[in-house]
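Notes follow once the structure below has been shown.
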Amino acid sequence: MGVEGHESAKTAKQQLAQLLRSWWEQDPGKITQEALARRITQRGVRTSQEMLSRYLNRTRPTLVRPDLIRAMHEALGRAPEELAQALALHGKARASTSPGRVLALPPPQGWEGSPCVTAPDGSLHTASEGALSERAPDSSLPVTAPVSGQDTSPAGSRSRRPWILFASAVAVGAAVLTAAATLKGGDGREEGETPAR
């Protein structure tokens with residue numbers, strides 16, 4: 001939407017707020033906003049005095065919901081043509097935030113190609129026919145290549161574990177046998193034998 005459309009929607013929102021405010025101010029019973037909020041809530045549309053004051057703000061109003069417009073129209077007993085006028089203004093004011101609008105987003109950091117756009121269903125697509133290119137590598141990070149012939153898969157590391165365990169067991173066994181031989185006497189003589197010269 002261009003600048004003109006945005007300004008038109010803003011003007012329509014202010015006109016709607018002024019119209020609804022005139023309904024409230026022209027009420028013969030001089031109803032307060034708090035009492036009006038209670039009447040609207042009794043008709044099944046929840047609101048409060050704080051929200052009504054935002055909807056009826058003269059300079060920067062909040063866009064009122066259509067169900068609240070209808071409930072307010074009924075609560076204040078306004079003419080039928082005034083409801084049609086209010087709903088028409090709501091439609092113009094809503095044009096700037098219509099759900100069918102396609103929102104263009106900047107491309108994510110590190111990606112090259114067309115920018116993404118959000119479709120009405122919320123899905124992301126590229127603005128052109130081409131898909132986004134692969135993410136460019138970060139030059140600040142070191143790149144390590146696997147050693148040739150080395151299996152880097154998780155299955156490869158699991159297959160080496162039994163050999164490591166077996167080698168550890170053999171080393172421990174050899175150490176135990178060496179310690180036992182040393183404690184036994186170590187020189188191979190029987191008791192009572194004298195060493196040969």
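Between N57 and A17, the shortest heavy-atom contact is O-CB, 3.6 Å. Pairing each heavy atom of L20 with each of M72, the nearest pair is O-CE, 3.3 Å. Across all non-hydrogen atoms, the minimal contact from I69 to W23 is O-CZ3, 4.0 Å. Among all heavy-atom pairs drawn from Y55 and L63, the shortest one is CE2-O, 3.8 Å.
Residue F166 is found in a hydrophobic cluster whose other members, listed by chain and number, are V170; membership requires side-chain heavy atoms under 4.5 Å apart, directly or through intermediates.
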For L68 and L52, what are the C-alpha separation, side-chain angles and deciding distance, and is it a side chain to side chain contact (heavy atoms under 4.5 Å, CB included)? CA-CA 10 Å; L68 199 142; L52 273 181; 4.2 Å; yes

Given side chain to side chain contact (heavy atoms under 4.5 Å, CB included), test R21 with R58 step by step and report yes or no. CA-CA 8 Å; R21 189 176 184 90; R58 295 180 191 275; 3.0 Å; yes

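The main-chain N or O of R60 is never found under 3.5 Å from a side-chain atom of Q14 such that the two would form a donor-acceptor pair. Checked by atom type and distance alone, the side chain of H90 never pairs as donor or acceptor with a backbone atom of L16 at under 3.5 Å.
Rounding to the nearest 0.5 Å places OG of S22 at 11.5 Å from CG of D27. Interatomic distance, R39 CZ to L76 CG, rounded to the nearest 0.5 Å: 6.5 Å. The OG atom of S48 sits 7.5 Å away from the CZ atom of R54 when rounded to the nearest 0.5 Å. The line from CD of Q15 to NZ of K10 is 13.0 Å long, rounded to the nearest 0.5 Å. Rounding to the nearest 0.5 Å gives a distance of 6.0 Å between CD1 of I40 and OG1 of T47.
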For residues 81-89, run the donor-acceptor check on the side chains, cut-off 3.5 Å, and write out each pair with its distance to 0.1 Å, sequence neighbours left out.
unit_1	atom_1	unit_2	atom_2	d
E82	OE1	R78	NE	2.9
E82	OE1	A79	N	3.2
E82	OE2	R78	NH2	3.0

Taking distance alone, no hydrogens or angles, what donor-acceptor pairs closer than 3.5 Å link side-chain atoms of residues 29-36 to residues at least two apart or in another chain?
unit_1	atom_1	unit_2	atom_2	d
T32	OG1	A35	N	3.1
Q33	OE1	Q49	NE2	3.1

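For R46, the CZ atom counts as loosely surrounded, since its 6.0 Å shell holds 12 or fewer non-hydrogen atoms of other residues, nucleotides or ligands.
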